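Predicted model, so just to flag it, every value in this text is computed and none were measured. We use all heavy atoms of the structure for the numbers below, so side chains are in, but hydrogens, waters and symmetry mates are not. Letters A, B, ... mirror the listed sequences (proteins, then strands); counts begin at 1.
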Number of protein chains: 2
Amino acid sequence: MAMRKLSLEGPATLRDVARVAGVHPGTVSRALNPQTRGLVNERTARRVLEAAQELGYRPNPIARGLRTNRSNTIGVLVPDLMNPLFAAVVRGIEDGLREAGYTPLIANTDNDAEREQVAYEAMNARQVDGFIAATARRDHWLLADDARTGVKLVLVNRRVDSDALPAVTGDDHEGIRLAVEHLVRLGHRRIAHVAGSQSLYTGWSRHQGFLDAMRSEGLEADPDLIVYSQGFTVREGGRCCGELLERGREFTAVVAGNDLLALGCYDALEQRGLRCPEDVSVVGYNDMPFVDRFRPPLTTVRVPHYELGATAAALMLEQLRGRDLPPRQLLLAPELVVRGSTASRSQHVVP
Amino acid sequence: MAMRKLSLEGPATLRDVARVAGVHPGTVSRALNPQTRGLVNERTARRVLEAAQELGYRPNPIARGLRTNRSNTIGVLVPDLMNPLFAAVVRGIEDGLREAGYTPLIANTDNDAEREQVAYEAMNARQVDGFIAATARRDHWLLADDARTGVKLVLVNRRVDSDALPAVTGDDHEGIRLAVEHLVRLGHRRIAHVAGSQSLYTGWSRHQGFLDAMRSEGLEADPDLIVYSQGFTVREGGRCCGELLERGREFTAVVAGNDLLALGCYDALEQRGLRCPEDVSVVGYNDMPFVDRFRPPLTTVRVPHYELGATAAALMLEQLRGRDLPPRQLLLAPELVVRGSTASRSQHVVP
DNA sequence: GAGGATTATGCACACGATTGCACCGTCTGG
DNA sequence: CCAGACGGTGCAATCGTGTGCATAATCCTC
């Protein structure tokens, strides 16, 4: 007993609207799609619209996606949502996409290559129209994936050397320069750097920024005053700052690769009976929530993470609409936030 | 010129696999689906599997979803991802769903009814198999939505009075009891409460817990020592604690509805020259990241947010698999974390 | 007024996977 | 030796939408 399903419960379909409006489903499709509205008589379109309204018709994205190979969905690859920094980026992305009717599909990767791979495949299978990658690793299989058939890719909080991909990042170079300049004005000359992992983009770029900033201030970037952490964690910050102190080279300030590393510096200093900022000034990076509540309140470089995400979303929409625009690479301006962890140089560290 | 697409680039389809294996697409479908594998000859199934392997066949979830009305996708409604608390919950949900092959679809609602509505509709259109709602409002249209056709609903970090819905929450009653007990043991008798918004579940339940805890400690919960905030923010905490102080009633400790309110209490106390914990002890709730770094380090009640999310995911999977199991309501045990913001009662506040 | 251009709509298939039903061959029991 | 059971596979419809093509209707022009 084959019988056409007709308003038998469930959401209204194109056919239901067609019956009510007294036209063919194809016509309904055209009438409802702004793109093709012009093809259908205005009076008919009006009738269709009313019928759709009356039935509370909602187009089925699944069916549409099957037909069009698009899903109005953007895959978002992020290391870890529990990191407030990335939470802000994701929030910016979501808000930026929403107005255009796109929905983010979010996956945490923990910067693990296999999980990235799996998430990428899964999202591709779900016909995402593009990817926004906030994963921080510098080398990346995604970048080498030539077989990407039409899926767009936008980087956020990281970029590649080749300028081949649209990207939006904070201006680490400028941010670190602000930090170093601030310290120099306070009288510091021997400035150390606890660098983030050099395999992560932000770790690498801030390190480069540090070298350049020191040079342009006419200071020597003593290799003995630079130590490389294995990851952006408090523990690593503590270890690195400890190593710095044990090397016995004089320094009065330290620029940390991010706020967590800076926090680790607090610990290392306190453990050795040194005071911040009286003995050593510390500057962080990112301006995470609540760093103004630390002891002492952390001087740091604010990165507009939410805007980073929102801008990445805009870049993605641009890519989706425009036909093969040249990939733009944007830098967002950072801002130095001076708090209590930096002070005028008053005494040297005598290890 | 209608021509069957055959391995013309693009991902392999069922038909491609069928051709290679020399069988009908329907047979391939049955062979690849563990559910229906038994219907097909073992030798044939083997051949199909090999062909699929060779072609790198990936089932298309969109097409499958169209046919089956399922998407292996769970809608997650959360107030704000930038709140580390919810970030942890979401992370737990994602990890909990992943092993079962489900993907979360996340939307921030800011506890705004309209945005919730919109997100709900959009997700429904995308055929989500269920919803996990972490939105905190006590009254909720979702709960009254009888028309939910087969979509499952699980609450996290909130519940309803009726026991009609599966839910997993922290045991606020016990958590507040731990806090009050701790303060009483330190000698405090006059204990104030800066309550969260009573329209949010957590605000309400912790307030109830406070009343019960005081009673069971044999203490009077003086109405003048309870003030209700409009939201879980630092600013509101400051306002409420200020009001408390201005009322002129003696108290030596305050239990805050969450860590942000507690932080506001810090501010209000400092502004009036009172010290924490020497003059007034403060207890928070949630154990947000870095509250151990505050000045003073915050004594608070730790809620296992990640586990909350993971458990919610498990509950959802249970609902999806099982046929109409009774909705279970789970409580996860909190833990008191004693730090520097609470001390023995030494002196009274003399406003 | 005829023929071509334009407009508006119907028709039917495609997207890729699932699934009820039919069919065919073989085995078994009486 | 035959009927019926059963295991295995093909067939075709279906999910809801989009779209190329055909066709009918209308208009314009010489």
Side-chain angles (χ1 to χ4, degrees), chain A residues 1-19 21-48 52 55 57-72 124-127 149, chain B residues 1-19 21-48 52 55 57-72 124-127 149:
Chain A
M1 192 94 313
M3 190 177 122
R4 279 259 181 269
K5 184 196 118 188
L6 289 175
S7 67
L8 292 175
E9 212 63 40
T13 79
L14 264 191
R15 264 200 292 274
D16 296 332
V17 179
R19 286 194 70 239
V23 293
H24 190 272
T27 305
V28 176
S29 172
R30 283 185 271 255
L32 294 182
N33 189 337
Q35 287 284 348
T36 53
R37 166 105 23 109
L39 296 176
V40 49
N41 185 306
E42 190 186 350
R43 252 170 38 89
T44 319
R46 181 183 237 77
R47 220 168 55 233
V48 168
L55 294 181
Y57 170 75
R58 290 308 205 191
N60 182 330
I62 304 284
R64 175 176 293 174
L66 179 59
R67 179 62 217 248
T68 61
N69 281 329
R70 279 179 297 101
S71 59
N72 280 352
N124 243 341
R126 283 181 203 275
Q127 309 273 28
T149 54
Chain B
M1 193 95 309
M3 190 176 123
R4 277 257 181 271
K5 183 195 117 187
L6 287 175
S7 66
L8 290 176
E9 215 58 41
T13 80
L14 260 191
R15 263 202 292 274
D16 297 331
V17 179
R19 286 194 68 237
V23 294
H24 190 272
T27 305
V28 176
S29 171
R30 283 184 272 255
L32 293 182
N33 188 337
Q35 288 284 347
T36 52
R37 168 104 21 110
L39 297 176
V40 49
N41 184 305
E42 189 185 350
R43 252 169 37 90
T44 317
R46 182 184 236 77
R47 221 167 55 231
V48 169
L55 294 181
Y57 170 75
R58 291 309 207 191
N60 182 331
I62 305 284
R64 175 178 293 172
L66 179 59
R67 178 62 214 248
T68 61
N69 280 330
R70 280 178 297 103
S71 61
N72 281 349
N124 243 340
R126 283 180 203 273
Q127 309 273 28
T149 53

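For A:R15, a side-chain nitrogen or oxygen approaches OP1 or OP2 of D:dC15 to under 4.0 Å.
Here the closest non-hydrogen pair linking A:V17 and A:V48 is CG1-O, 4.0 Å. Here the closest heavy-atom approach between residue B:A18 and residue B:P25 is recorded as CB-N, 3.6 Å. Closest approach of A:R30 to A:T36, counting heavy atoms only: O-OG1, 2.9 Å. Pairing each heavy atom of B:G22 with each of B:R47, the nearest pair is O-NH2, 4.4 Å. Of all non-hydrogen atoms in A:P11 and A:D16, the two that sit nearest each other are O-OD2, 4.2 Å.
Listed by residue number, A:Y57, A:R58, A:P59, A:N60, A:A63, A:R64, A:R67, A:T68 are the residues of residues 57-68 of chain A with a heavy-atom contact under 4.0 Å to DNA chain D. Only A:G26, A:S29, A:R30, listed by number, bring a heavy atom of residues 23-45 of chain A to less than 4.0 angstrom from any atom of DNA chain D.
At whole-Å resolution of the value, CG in A:D16 and C1' in D:dG16 are 10 Å apart. In this entry the distance linking CG of B:N69 with P of C:dT18 reads 13 Å, nearest Å. When rounded to the nearest whole Å, the span between CG of A:L14 and C1' of D:dT14 equals 16 Å.
The side-chain contact (heavy atoms from CB on, under 4.5 Å) search around A:R37 returns A:A45, A:L49, not counting sequence neighbours. Residues passing the side-chain contact (heavy atoms from CB on, under 4.5 Å) test with B:L66 are A:I62, A:A63, A:L66, sequence neighbours excluded. Under the side-chain contact (heavy atoms from CB on, under 4.5 Å) criterion, A:R67 pairs with no residue at all, not counting sequence neighbours.
In this structure, B:R70 places its CZ atom where only 12 or fewer heavy-atom neighbours from other residues, nucleotides or ligands lie under 6.0 Å away.
The C1' atoms of five pairs define one axis at each end of the helix from C:dG1-D:dC30 to C:dG30-D:dC1, and these two axes lie 50° apart (to 10°).
For the pair B:T68 (side chain) and B:R64 (backbone), a donor-acceptor distance under 3.5 Å is present.
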